[in-house]
Amino acid sequence: MNVIRSGSYRSWLRGELVLVGALGLATALLAAVDRLGGYEAPAARLALDMAVVVVAAMVAVLASIRFLVGGWVLDVLLAAGFAVSALGMFAFGVAPKLDGTSLSNREAWATIAAQVAGAALIAGAPFVGARVTRRERALVAAAVASACVLVLIWVPLELAGVDRPLVGSEGERSAAAVLAAYATLAMLALVATIGFGLRYRKYSRDLDRWLALALTLVVFADLQYVLAPVLSTEYVLQGDFLRLLSYAVLLVGVWRAISRAEFGHAVAEERARVARDIHDGLAQYLFAISTHVNMLECGAPLDDLLPRLKAATTAAQQEARFAVLALSSASGTASFDTALRRYVDVLTADGRLDVELEVDPSVSLAPDEQIEVFRIVQEGLANARRHADSHRAWVTIGARGARRVVTVEDDGVGFDGAETSEGQGLRNIRQRAESMNGELTLRSIPGEGTSIEVVLRAA
């Protein structure tokens, strides 16, 4: 595992160095030909700022969701940092321009201060490895703190009556304070890049790699602001496009991290369920075998115990195979199709039940959905085998328009739904369908078999 991690880190580091070299060369060329100053385009500038606000807000929301799943302080700091950046940009840099007027000097300074505050929170995130248990309370506290930061930025500027020009009417070079602010932003982005790079080397987590990549783009965006600090609400700068690209990369990285976190949570739940099944099934058969062996040692007739001992041994073997297959599907080491077909092969090995399995390769299932669908099929076939006295069963995973459909049918004895209450197996199927926001349809006629259909919304 250490060799794999080391190889992944070296590959990432080489790519990072190539990116730094390319961005550095591009920045130097733009500076050499004096093309860092940007273009006067008020409408485009407003649209670009609004796009940054939207993407930063989305990253903040996704980081909040990931915090609720995992409880890492890193995620709540990221959420707070991007929330401060997004809200600050909107409140101070976008909303005042929606009526067609230009920003006041005070609003422009507040916009810069909000970006510095957000960058400071993001820069501190990779160096905090703690987790919290009261996640909802911590997230609310972070939201309140983010709002307080914006208030603390605006109130002093308002009370002090700050009206120092950020730029002149023609977009002259900014004062030393503006230059220092952008230098601070570049330094904070560099610290965050190094921090997430070190985290990736230590933990090999996908999110750290994406954050380091995005923050590398931010470093050079801020560096371009430092080299050509023409700060005007009417100008679109080269660094603005680089910053927007960095936020798009962040959006992809955080979304991937959330998917993996939810999958890990689903895997943990599935493993716990398999452990309960082993205790309820395999452990009981092993206990029965042990009891029969003890009875033989005490002189019980072999002819009476041998058939029961053989039946218990066969059942224990079957349960062990099912447990291994369930664990392989829960761990994610086997593909969904492979795990499902292996399960069907094991289930039908004794000839009691014939199963036809059809899986449409074009149907897309998220990792957590794969686990739930696997368990639905398993529960449906278990009911057909144990309770319905079925000889044949049909499993289909396909599409109906834009929706995904999972169907398990058998030719068993069936039942009258109006007179027979649902057993534990059907209740489990219903719960799993509801966990995916799916619709369960159950059809059963005495003597004609049972059909279980779960319809999932479009992927």
Find out whether L442 and F415 are in side-chain contact, i.e. whether some heavy atom of one side chain is under 4.5 Å from a heavy atom of the other. yes
Do the side chains of L188 and I122 get nearer than 4.5 Å, heavy atoms only? no
Does the side chain of W394 come within less than 4.5 Å of V355's, by heavy atoms? no
Do T450 and N383 touch side chain to side chain, with heavy atoms closer than 4.5 Å? no
Ion pair R403/E439, N-O distance below 4.0 Å: yes
Would you call the rings of Y9 and Y200 parallel, tilted or perpendicular if under 30° counts as parallel and over 60° as perpendicular? tilted
Could you check F92 against W154 for ring pair (Phe, Tyr, Trp, His ring centres under 6.0 Å), going step by step and ending with a plain yes or no? CA-CA 9 Å; F92 306 135; W154 178 254; 5.6 Å; yes
Are V454 and V405 side-chain neighbours, meaning at least one heavy-atom pair lies under 4.5 Å? no
Between K202 and D208 (salt bridge meaning N to carboxylate O under 4.0 Å), is one present in this structure? no
Quick one: do R400 and E453 satisfy salt bridge (Lys or Arg N to Asp or Glu O under 4.0 Å)? Show the steps, please. CA-CA 12 Å; R400 183 182 300 156; E453 181 182 89; 2.8 Å; yes
Going by the rule ring pair (Phe, Tyr, Trp, His ring centres under 6.0 Å), which residues pair with F90 if we only count those two or more places apart in sequence or in a different chain? none
Salt bridge check, R392 against D354: does any charged N sit closer than 4.0 Å to a carboxylate O? yes
Would you mind listing every salt bridge (Lys or Arg N to Asp or Glu O under 4.0 Å) that reaches into residues 70-79, with sequence neighbours excluded? R66-D75
Validation row: W210, F196 side chains within 4.5 angstrom (heavy atoms): no
Any L340 side-chain heavy atom under 4.5 Å of I397 side chain: yes
According to side-chain hydrogen bond (donor to acceptor under 3.5 Å, both in side chains), who are the partners of R134, at least two apart in sequence or on a separate chain? none
